[in-house]
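Small disclaimer: the values here were computed from a predicted structure and weren't measured. FYI, the numbering just counts along the sequence from 1.
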Amino acid sequence: MGGDFYKALPTQGGVRLVVGDVQGKGLGAVEAASLLLSSFRESAFAAGDLPGVARRLDATMRRYAELRPDSEAADRFATVLLVEIPDGEPIPRILSCGHPAPLVQYADTVTTVPIPFPALPVNLPGLENDAFDIVEIPFAPGDRLLVFTDGIGETRDATGEFHPLEGRLPKWADRPAGEVLPLLRDDLARYAGHRPDDDTTAILPVRRQEVLTKVVAHAPACGLPGCVQSRFGCSSGRDSHQER
């Protein structure tokens, strides 16, 4: 039993998701993953931004370690990737706590999202994050973002070569998004010659046109040039508007 965990939640103004990997295996890893998921379910709605979510995840684990120092979960650290996809903006916001960077697919071009300053993993003994770097990239309708754990990136063939994940995704660019993860699962098994030995977890968010259209057009313009009503606020000073 491994410590991979994931969750995507629709929050006010968009979607927030988490993918993470707890150190080690066994019941301690499962317990730590459960604690982090519970914390995310609350903090995804309560925290004002992704750094706030990350701080709450870390605080949950450290508080649990103080209350239950003998638990197998108490000293487990976890790598975590947090993503926020606003309804009305063609971007995702990405925060990494020591987690593998996701891949972004624009048509048939796939690249690794650059994360120059990842934060430390959650609940790393003796160390805490004092700052978090948020990465934003373009994310237009039709674009795809593959978020995954290291079990996928570390899959090897019989010769020890790593699975060429970045080279595989363009081959599936014309396939419906719902088919991509099953294709990836089967490809990993063929490449390794067996089911992967490690946990393999992946999420594939896709930007859809109707999400942007619905938010931008759900109410009349306020009258200012380039401004439409939405739920995000407006630089004109009117709480219910945003300049675009």
Practice task
Return the minimal non-hydrogen interatomic distance between Gln23 and Asp75, and the atom names on each side.
Solution key: OE1-O, 3.7 Å
Handout entry: CG-OG1 distance between Asp4 and Thr201, expressed to the nearest 0.5 angstrom
Key = 3.5 Å
Handout entry: Residue of the set Glu136, Glu89, Arg93 for which side-chain contact (heavy atoms from CB on, under 4.5 Å) holds with Glu84
Key = Arg93
Handout entry: Arg144 to Pro176 - nearest heavy-atom pair and separation
Key = NH2-C, 3.7 Å
Problem - Of Val18, Val30, Val19, the residue whose pairing with Phe5 passes side-chain contact (heavy atoms from CB on, under 4.5 Å) - result: Val18
Handout entry: Atom of Asn123, atom of Phe77 and distance for their closest heavy-atom approach
Key = O-CB, 3.6 Å
Practice task
Check the pair Ile152, Leu146 against side-chain contact (heavy atoms from CB on, under 4.5 Å), reporting the backbone distance first and the verdict last.
Solution key: CA-CA 11 Å; Ile152 291 179; Leu146 183 68; 5.9 Å; no
Could you go through residues 100-114 and list every donor-acceptor pair under 3.5 Å that involves a side-chain atom there, pairing it with any protein atom two or more places apart or in another chain?
{"residue": "Gln105", "atom": "NE2", "partner": "Ala107", "partner atom": "O", "Å": "3.0"}
{"residue": "Tyr106", "atom": "OH", "partner": "Pro138", "partner atom": "O", "Å": "2.8"}
{"residue": "Thr112", "atom": "OG1", "partner": "Glu166", "partner atom": "OE1", "Å": "3.0"}

Exercise for the section: Could you tell me which non-hydrogen atom of Ala131 sits nearest to which non-hydrogen atom of Ala119, and how far apart they are? Expected result: O-CB, 4.4 Å
Problem - ILVMFWY cluster, Ile137 and Val83 together (side-chain gap under 4.5 Å) - result: yes
Practice task
Please check if Val135 and Leu120 belong to a single hydrophobic cluster, counting links between Ile, Leu, Val, Met, Phe, Trp and Tyr side chain heavy atoms closer than 4.5 Å.
Solution key: no
Handout entry: Reported OG-to-CG distance for the pair Ser71 and Leu27, which is rounded to 0.5 angstrom
Key = 10.0 Å
Exercise for the section: Begin with the C-alpha distance, continue with both residues' side-chain angles, and end with the deciding distance and a verdict on side-chain contact (heavy atoms from CB on, under 4.5 Å) for Leu9 and Arg16. Expected result: CA-CA 5 Å; Leu9 293 171; Arg16 284 179 172 174; 5.6 Å; no
Practice task
Over all heavy atoms of both residues, which pair between Gly24 and Ala29 is shortest? Give the atoms and the distance, please.
Solution key: O-CB, 3.6 Å
Exercise for the section: Take Leu36 and Met61 through the test side-chain contact (heavy atoms from CB on, under 4.5 Å) and record every step on the way to the result. Expected result: CA-CA 7 Å; Leu36 289 165; Met61 291 302 299; 3.6 Å; yes
Practice task
Would you indicate whether Phe132, at its atom CZ, is surrounded by more than 12 heavy atoms from other residues, nucleotides or ligands within a distance under 6.0 Å?
Solution key: yes
Problem - Minimum side-chain heavy-atom gap Asp133-Pro118 below 4.5 Å - result: no
Practice task
Measure the spacing between CD1 of Ile134 and CD1 of Ile94 and express it to the nearest 0.5 Å.
Solution key: 9.5 Å
Handout entry: Nearest-0.5 Å distance, CD of residue Glu161 to OG1 of residue Thr155
Key = 13.5 Å
Exercise for the section: Apply the test side-chain contact (heavy atoms from CB on, under 4.5 Å) to residues Leu165 and Phe148: give CA-CA distance (whole Å), side-chain angles for both, the deciding distance (0.1 Å), then the verdict. Expected result: CA-CA 11 Å; Leu165 180 59; Phe148 54 92; 3.9 Å; yes
Exercise for the section: Examine distances only and state if a side-chain atom of Arg207 and a backbone atom of Ala140 form a donor-acceptor pair shorter than 3.5 Å. Expected result: no
Practice task
Examine Ile203 and Val15 and state if one hydrophobic cluster contains both, with Ile, Leu, Val, Met, Phe, Trp and Tyr joined whenever side-chain heavy atoms are less than 4.5 Å apart.
Solution key: no
Problem - Residues Arg190, Asp187: salt bridge by 4.0 Å N-O rule - result: yes
Exercise for the section: Following the transitive rule for hydrophobic clusters with a side-chain heavy-atom cut-off under 4.5 Å over Ile, Leu, Val, Met, Phe, Trp and Tyr, establish whether Leu188 and Phe162 coincide in one cluster. Expected result: no
Problem - Interatomic spacing from CG in Asp21 to OG1 in Thr149 - rounded to 0.5 Å - result: 5.5 Å
Exercise for the section: Would you kindly confirm whether Val206 and Ile91 end up in one hydrophobic cluster when ILVMFWY residues are joined by side chain heavy atoms under 4.5 Å apart? Expected result: no
Practice task
Rounded to the nearest 0.5 Å, what's the gap from CG on Leu17 to CG on Leu81? Could you check?
Solution key: 7.5 Å
Completion exercise
Residues pairing under side-chain hydrogen bond (donor to acceptor under 3.5 Å, both in side chains) where one sits in residues 35-50, two or more places apart or in two chains, turn out to be Ser39-Thr60, Glu42-Arg56
Completion exercise
Heavy-atom closest pair (Gly52 atom, Ala47 atom, distance to 0.1 Å) is C-CB, 3.7 Å
Problem - ring-ring contact (aromatic ring centres under 6.0 Å, His included) involving Tyr191 - partner list, sequence neighbours excluded - result: His163
